[in-house]
Asks: 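Below you'll find the structure I mean.
Nothing fancy with the numbering, it's 1 onward along the sequence. What you see is a predicted model, and the numbers here were worked out from it, not measured in a lab. Computation of the quantities below employed the complete heavy-atom set of this structure, encompassing side-chain atoms and omitting hydrogens, waters and symmetry-equivalent molecules.
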Amino acid sequence: TGALKYDRKKRMWALSITYSFEAQQKDLDPEKICGVDLGIASPVYCATNDGYERLNYPGGRVEAFRRQVERRKRQLLRSRPFVGAGGRGHGYKRRVHAVDTISDRVSRFRDTENDLISCAVVDFAIKNHCGTIQMENLSGIGEISVFLKNWAYYDLQNKIEQKAKEVGIAVKKINPKYTSQRCHKCGHISSENRKTQADFVCEKCGYSTNADFNAAKNIALKDIEKVIETSLSSNRKQTA
C-alpha cells in the first residue's frame, strides 16, 4: 500500500510505501552473535563471539562532515550582524533559510551514511553466519555523549534492525555498561584497562588490542549482562 503526500516545508511530493516480505534464511546460526559497538572514532565496530572476525567502519567521513557543518554554522552566526537587506527582509523564514539548508544537508548525509553503515553491518553478520546481532541499548545516551545523540544513532540502529529482519537475523539490545572496561580475554573489569580512547590494555593479564574491538567482543558475548554482574558481585565479596 502507498500514500502520496505533499511536504509544504520542502515543497515536494513524497510517496510513502509499505510492504511485507518473507525473511530470507542464509545458513544463519542463532548462537553465533555479531556484537556492534557504537563510537566516535568509528561509527560502528563489529566482532563475533567465537573468532577474530571484525568490521571497522571508518569514521573519517562522519567526523570531517561534522567539522564542516560546525564551521559553516559559526560562519553564519558571525556574519548575522552584517547581513544585507535581502537577508533581513521577508520575516522569520528568510532569516532561518540558511540554517534550514544546513539542517537538510545534515539530514541527507546522515540518512545516506547510516544506510551504508547498516548494510555493511548486516552483510558482515551474514558473511560470518551470525543469526543474532547484539547492540547497545541507547537509553540515556544523551547524558553520555552529545555527539552520539546528534549523529542520531537511533536512526542507525533502526536501519540495522530493519535490514537484519529482512534476512532473518534476530536483534537484541544489551546494557553497554562496563563493556568498554572488561577484558574479553580474562574477564577482568577495571577503568584502568581503557588506557586511551583507542587502546585497551588489561592490567591483570596484559592483553592489549583495539579498544573498540574489545568492546564489540564483549557486546557479542551471550548473556553479557549476567556475566558482568556475576563478575562484579564476585569482586565485591572479595573486597568486603
Side-chain angles (χ1 to χ4, degrees), residues 29-59 117 120-122 124-125 127-149 151 153-154 156-157 160-161 164 169-240:
D29 179 2
E31 294 299 312
K32 185 155 188 180
I33 303 172
C34 169
V36 180
D37 176 58
L38 304 178
I40 297 176
S42 299
V44 295
Y45 205 113
C46 302
T48 62
N49 61 330
D50 64 349
Y52 289 93
E53 302 91 353
R54 66 187 74 189
L55 169 69
N56 175 18
Y57 197 93
I117 295 171
V121 170
V122 174
F124 173 81
K127 179 181 178 180
N128 291 286
H129 310 292
C130 296
T132 303
I133 289 177
Q134 289 192 166
M135 298 188 291
E136 305 167 57
N137 187 330
L138 297 182
S139 298
I141 195 170
E143 300 172 5
I144 301 171
S145 171
V146 174
F147 174 69
L148 292 185
K149 182 180 179 182
W151 181 242
Y153 274 80
Y154 290 103
L156 173 57
Q157 285 200 337
I160 292 174
E161 287 189 78
I169 297 176
V171 175
K172 295 181 179 180
K173 302 287 184 63
I174 62 101
N175 186 344
K177 193 172 183 179
Y178 298 111
T179 53
S180 64
Q181 299 180 18
R182 179 183 183 272
C183 175
H184 85 86
K185 280 288 188 179
C186 72
H188 178 64
I189 299 174
S190 172
S191 59
E192 296 300 316
N193 288 344
R194 190 72 179 261
K195 301 301 182 184
T196 67
Q197 183 69 32
D199 302 314
F200 182 93
V201 181
C202 180
E203 63 176 5
K204 183 176 181 180
C205 72
Y207 174 71
S208 62
T209 188
N210 177 278
D212 292 330
F213 172 69
N214 180 75
K217 287 288 290 183
N218 285 321
I219 294 172
L221 187 63
K222 186 177 181 179
D223 299 323
I224 179 59
E225 292 168 302
K226 293 181 180 178
V227 171
I228 288 177
E229 180 55 37
T230 299
S231 179
L232 292 175
S233 297
S234 177
N235 289 341
R236 285 194 289 266
K237 290 179 180 179
Q238 293 176 8
T239 58

Asks: Rounded to the nearest 0.5 Å, how far apart are SG of C34 and CG of L55?
Replies: 8.0 Å
Asks: Looking only at heavy atoms, which two atoms of S208 and V201 are closest? And how far apart?
Replies: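 Nearest pair, atom of S208 first, then V201: CB-CG2, 3.9 Å.
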Asks: Could you tell me which non-hydrogen atom of P176 sits nearest to which non-hydrogen atom of N137, and how far apart they are?
Replies: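 Looking at all heavy atoms of both residues, the closest pair is CD-O, 3.9 Å.
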Asks: Side-chain contact, heavy-atom cut-off 4.5 Å: K127 with E53?
Replies: no
Asks: Quick one, E229 with N175, criterion side-chain contact (heavy atoms from CB on, under 4.5 Å). Give me CA distance, side-chain angles, the key distance, then yes/no.
Replies: CA-CA 11 Å; E229 180 55 37; N175 186 344; over 6 Å; no
Asks: Determine whether N56 and D212 make a side-chain contact, defined as any pair of heavy atoms from C-beta on separated by less than 4.5 Å.
Replies: no
Asks: Between CZ of R182 and NE2 of H188, what distance do you get to the nearest 0.5 Å?
Replies: 11.5 Å
Asks: Locate the shortest heavy-atom distance separating I133 from A164; write the atom from each residue and the value.
Replies: CD1-CB, 4.2 Å
Asks: When rounded to the nearest 0.5 angstrom, what is the spacing between CZ in F200 and CG in N218?
Replies: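 It is 7.0 Å, given to the nearest 0.5 Å.
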Asks: Applying the side chain to side chain contact (heavy atoms under 4.5 Å, CB included) test to C130, which of V122, T48, I33, D29 qualifies?
Replies: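 By the side chain to side chain contact (heavy atoms under 4.5 Å, CB included) criterion, C130 pairs with just one of V122, T48, I33, D29: T48.
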Asks: State the CZ-CG distance between R54 and N128, to the nearest 0.5 angstrom.
Replies: 12.0 Å
Asks: Can you tell me how far the OG1 atom of T196 sits from the CZ atom of R194, to the nearest 0.5 Å?
Replies: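 If I round to the nearest 0.5 Å, the distance is 7.5 Å.
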Asks: Under the 3.5 angstrom rule, does the side chain of K217 hit a backbone N or O of C46 as a donor-acceptor pair?
Replies: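 No, because the side chain of K217 does not come within donor-acceptor range (under 3.5 Å) of the backbone of C46.
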Asks: How close do C205 and C183 get, heavy atom to heavy atom, and via which atoms?
Replies: SG-SG, 3.8 Å
Asks: Would you name the heavy atoms of A216 and Y45 that are closest together and state the gap between them?
Replies: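 Smallest heavy-atom distance, with atoms named: CB-O, 3.3 Å.
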Asks: Other residues, nucleotides and ligands only: do more than 12 of their heavy atoms fall within 6.0 Å of NZ on K172?
Replies: no
Asks: Quick one: closest heavy-atom pair of A211 and Q197, and the distance?
Replies: CB-O, 3.7 Å
Asks: Can you name the residues that form a salt bridge (Lys or Arg N to Asp or Glu O under 4.0 Å) with D199, not counting sequence neighbours?
Replies: none
Asks: More than 12 heavy atoms of other residues, nucleotides or ligands under 6.0 Å from CZ of F213: is that the case?
Replies: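 More than 12 within 6.0 Å, yes.
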Asks: Would you please test M135 and I219 for side-chain contact (heavy atoms from CB on, under 4.5 Å) and show each step?
Replies: CA-CA 7 Å; M135 298 188 291; I219 294 172; 5.8 Å; no
Asks: State whether the side chain of N193 and the backbone N or O of E203 hold a donor-acceptor pair below 3.5 Å, judged by distance alone.
Replies: yes
Asks: When rounded to the nearest 0.5 angstrom, what distance separates CD1 in I228 from OH in Y178?
Replies: 9.0 Å
Asks: Check for a donor-acceptor pair, side chain of T230 on one end and backbone N or O of K226 on the other, with a separation under 3.5 Å.
Replies: yes
Asks: Could you point out which residue of Q134, H184, K32 forms a side chain to side chain contact (heavy atoms under 4.5 Å, CB included) with N49?
Replies: K32
Asks: Does D37 form a side-chain contact (heavy atoms from CB on, under 4.5 Å) with T179? I'd like the steps, not just the answer.
Replies: CA-CA 9 Å; D37 176 58; T179 53; 5.5 Å; no
Asks: Do the side chains of P43 and Y153 get nearer than 4.5 Å, heavy atoms only?
Replies: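 They are in side-chain contact.
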